[in-house]
Chemist: 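There's a structure below that I have some questions on.
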Number of protein chains: 2
Amino acid sequence: MTQTTRRAASPAASGKRMLSEQIYAYLRDAIMRGTYAPGEALKPQDLAKEQGVSLAVVREALVRVAGEGLADRLPNRGFAVPAYSDRRWQEIAEARRTIEPVVLRMSVERGDIDWEARVRAAHHRLSRTPAYGPEEPEAGVYYSAAWSEAHRVFHRTLLEGCGNPVLLETFDRMWTASELARRWSAHRDPGRAGADEHRRLEEAAVARDADAAAEVLSQHLTQTAAALTDDPAEGPVAGG
Amino acid sequence: MTQTTRRAASPAASGKRMLSEQIYAYLRDAIMRGTYAPGEALKPQDLAKEQGVSLAVVREALVRVAGEGLADRLPNRGFAVPAYSDRRWQEIAEARRTIEPVVLRMSVERGDIDWEARVRAAHHRLSRTPAYGPEEPEAGVYYSAAWSEAHRVFHRTLLEGCGNPVLLETFDRMWTASELARRWSAHRDPGRAGADEHRRLEEAAVARDADAAAEVLSQHLTQTAAALTDDPAEGPVAGG
DNA sequence: GGACAGAAAATAATCGATTATTTATCGAAT
DNA sequence: ATTCGATAAATAATCGATTATTTTCTGTCC
């Protein structure tokens, strides 16, 4: 609490030294990592004591988290980790299948050399990052944090050629929802990632084959969804 | 302040009697209506005194509003009405052109009879609602609140046949951003609405002509963007 | 006359405590 | 034994005040 002129307590905290920001980041990360079970109540008092801050900052962080869809809010009943149904996950997956191929097509048509280079770099990093790090095998954690981030960056980079921040914000939102829902999906598949599809995505992108890229992405997303809904043996695809 | 057991102060306030909710609704409406100039600071103290509540509730409302993109937030510098550039508006318009026709196609292919009926109802209401009500001619207000709402409902209803809440949330978000950016766009066009295009949209939808519907919507959005960027004389289209 | 340092004012961020609502507990009546 | 109702505990929502940061207003020095 008494943060009298505390400077850069968190690592690499250059510009933002706002207490609520830290708590927000903590909550977001904790929920995404599966620290709290779905449906579990997020009690401001417990969090405040646990994090050593006042109720106000916890509350502000919770409001932000809820605004992003990472927490449900019931009037006079507080906040809770959202309990995504399989149906919900399918809706998110369908939304991604609907939007991302179109954006990817735009990206391939517009992206410049720098974009191509970044796609190559992102794919390289993804392909060389082990999906399962030597991390502690907590419940609900299926991929290393490094791989999850590399995965996200690759998919985002693919779309960044479109040059439209609004569309990229839409991607970010859906990716977050997708990752959260996937974590708690009933039929989650801890199988290996779709490395081959990622490779084909990269190739189609730098080859400027918009149709092929869009098609591969569409299949990739479809298989991902199928792998989580049906029997895992059917589609050994895990990536998003 | 002293809200000792205040019951249903606001009209039709049945379920939600949360102070922060009211302030949130007020702020959202005020910003969308253009009550505050773009770039203007939203000072919690002033708002708190003005609305008769404490800082905490104003702060919570501001955090929510900022999360929706209806306010900018600068660390240690408070909140402010976002100052959208024309470039920003074009990005939003492009995002809508990219996504909405695809969703409309899906909607036309999936919508049931009930959806058809609601499309007809929404269009009827829109076509019979005067765009310019006898409201006080405040600065920045170009359409009556009733018409704006009917307009939004019509466009949303067109897409609701898709049956995917995630895609509809995306629409809601973009519509909000679009309306806000349009209000403060440099080249705003107070001309009459694209009533004819709305009629053609309705026809194509209930006729189950997905291609035509998507094409008309794409043109509609393109013309709307063009009308605000170029000389207003070029494209006398105002609707979204 | 302009730039700079320092004090003063304004505003943002945070805190501790109060009030209101919901949830849990317990006992009486059927 | 179960349901209903009142009380007690827990938790959410709100408030008033405190602390920290930024901005504004000086007056001085060059």
Side-chain angles (χ1 to χ4, degrees), chain A residues 1-10 13-27 31 36-37 39-67 70-82, chain B residues 1-10 13-27 31 36-37 39-67 70-82:
Chain A
M1 10 267 294
T2 161
Q3 85 292 12
T4 51
T5 319
R6 73 150 51 135
R7 62 195 63 193
S10 60
S14 55
K16 29 186 163 180
R17 49 174 68 99
M18 237 179 359
L19 218 36
S20 63
E21 180 75 19
Q22 295 176 233
I23 305 300
Y24 163 75
Y26 164 80
L27 275 175
I31 294 172
Y36 304 105
E40 184 176 346
L42 296 167
K43 304 181 184 179
Q45 280 189 338
D46 296 355
L47 289 167
K49 197 184 290 184
E50 179 184 323
Q51 297 295 319
V53 295
S54 77
L55 288 176
V57 302
V58 172
R59 183 157 264 273
E60 172 169 334
L62 282 171
V63 168
R64 286 182 61 186
V65 165
L70 270 69
D72 289 338
R73 183 175 192 184
L74 304 99
N76 283 324
R77 212 167 297 185
F79 303 84
V81 177
Chain B
M1 36 261 293
T2 161
Q3 85 292 13
T4 51
T5 319
R6 74 148 53 136
R7 62 196 63 192
S10 60
S14 56
K16 28 185 165 180
R17 48 173 65 105
M18 234 175 6
L19 218 39
S20 63
E21 179 74 21
Q22 296 176 233
I23 305 301
Y24 164 75
Y26 164 79
L27 275 175
I31 293 172
Y36 304 106
E40 184 175 346
L42 296 167
K43 304 182 183 177
Q45 282 190 336
D46 296 355
L47 289 168
K49 197 183 291 186
E50 179 182 323
Q51 297 295 318
V53 295
S54 76
L55 287 176
V57 304
V58 171
R59 183 157 263 273
E60 172 170 334
L62 282 169
V63 168
R64 287 182 60 188
V65 164
L70 270 67
D72 290 337
R73 182 176 192 182
L74 304 100
N76 283 325
R77 213 166 296 185
F79 303 84
V81 176

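Just so it is clear: chains get the letters A, B, ... in the order the sequence lines come, proteins before strands, and each one is counted from 1.
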Chemist: Let me spell it out: for each of B:Leu55 and A:Pro44, pick the nucleotide of DNA chain D with the closest heavy atom. Which residue's pick is nearer the 5' end?
Modeler: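 Of the two residues, A:Pro44 wins.
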
Chemist: So which protein nitrogen or oxygen atoms get under 3.5 Å of nucleotides 22-25 of chain D's nitrogens or oxygens?
Modeler:
from   : atom 1 : to      : atom 2 : distance (Å)
D:dT23 : OP1    : B:Arg77 : NE     : 3.3

Chemist: What pair of heavy atoms forms the shortest contact from B:Ala61 to B:Ser20, and how long is it?
Modeler: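 Closest approach of B:Ala61 to B:Ser20, heavy atoms only: CB-O, 4.0 Å.
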
Chemist: Let me know the distance between CG of A:Leu74 and P of C:dT21, rounded to the nearest Å.
Modeler: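 Taking CG of A:Leu74 and P of C:dT21, I get 17 Å after rounding.
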
Chemist: For residues 42-57 of chain A, which residue pairs pass the salt bridge (Lys or Arg N to Asp or Glu O under 4.0 Å) check, not counting sequence neighbours?
Modeler: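 Those involving residues 42-57 of chain A do not exist here.
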
Chemist: Figure out the CG/P separation between A:Leu62 and D:dT11, and round it to whole Å.
Modeler: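 Distance check: A:Leu62 CG to D:dT11 P gives 15 Å.
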
Chemist: OP1, OP2 of C:dT11 versus side-chain N and O of B:Arg59: anything below 4.0 Å?
Modeler: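 So the side chain of B:Arg59 is outside the cut-off, no N or O lying under 4.0 Å from OP1 or OP2 of C:dT11.
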
Chemist: Measure from the side chain of A:Lys43, starting at C-beta and using heavy atoms only, and say which of D:dA12, D:dC15, C:dC15 lies closest.
Modeler: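 The answer is D:dA12.
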
Chemist: Starting at CG of B:Asp46 and ending at C1' of C:dA12, how long is that distance when rounded to a whole Å?
Modeler: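 Roughly 13 Å, once rounded to whole Å.
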
Chemist: Taking only side-chain nitrogens and oxygens of A:Ser20, does any of them come within less than 4.0 Å of OP1 or OP2 of C:dT14?
Modeler: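 For A:Ser20, the contact criterion (side-chain N or O under 4.0 Å from OP1 or OP2 of C:dT14) is met.
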
Chemist: For B:Gln51, which of B:Val57, B:Ile23, B:Leu19 qualifies under side-chain contact (heavy atoms from CB on, under 4.5 Å)?
Modeler: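 So, applying the side-chain contact (heavy atoms from CB on, under 4.5 Å) to B:Gln51 and each of B:Val57, B:Ile23, B:Leu19, only B:Ile23 qualifies.
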
Chemist: Rounding to a whole Å, what distance do you find between B:Met18:CE and D:dT14:P?
Modeler: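 These atoms are roughly 7 Å apart.
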
Chemist: Take the protein atom CZ of A:Arg73 and the nucleotide atom C1' of D:dT11, then report the distance between them rounded to whole Å.
Modeler: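 In whole Å, D:dT11 C1' and A:Arg73 CZ are 13 Å from each other.
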
Chemist: CG of B:Leu70 to OH of B:Tyr24: how many Å apart, nearest 0.5 Å?
Modeler: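 Going from CG on B:Leu70 over to OH on B:Tyr24, the span is 7.5 Å.
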
Chemist: What's the CD-P distance between B:Glu21 and D:dA12, to the nearest Å?
Modeler: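 My rounded result for the distance is 18 Å.
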
Chemist: Mind jotting down which residue pairs meet the salt bridge (Lys or Arg N to Asp or Glu O under 4.0 Å) criterion with at least one end in residues 56-67 of chain A? Sequence neighbours excluded, please.
Modeler: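 Only A:Glu21-A:Arg64, A:Arg59-B:Glu60, A:Glu60-B:Arg59, A:Glu60-B:Arg73 qualify under salt bridge (Lys or Arg N to Asp or Glu O under 4.0 Å).
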
Chemist: With B:Phe79, which of B:Leu47, B:Val63, B:Leu27, B:Val58 fulfils side-chain contact (heavy atoms from CB on, under 4.5 Å)?
Modeler: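 Of all the options given, the one that passes is B:Val63.
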
Chemist: Please pick, from C:dC15, D:dT14, D:dA13, the nucleotide with the shortest atom-to-atom distance to any side-chain atom of A:Phe79.
Modeler: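 Out of C:dC15, D:dT14, D:dA13, the nucleotide with an atom closest to A:Phe79's side chain is D:dA13.
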
Chemist: Could you tell me how far apart A:Gln45 (CD) and C:dA20 (C1') are, to the nearest whole angstrom?
Modeler: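 It works out to 14 Å between those atoms.
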
Chemist: Is the shortest side-chain heavy-atom distance between B:Leu42 and B:Ile31 below 4.5 Å?
Modeler: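 Side-chain contact under 4.5 Å: yes.
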
Chemist: Whole angstrom is fine here: how far is it from CD1 in B:Ile23 over to C1' in D:dA13?
Modeler: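 Checked: the CD1 to C1' distance equals 13 Å.
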
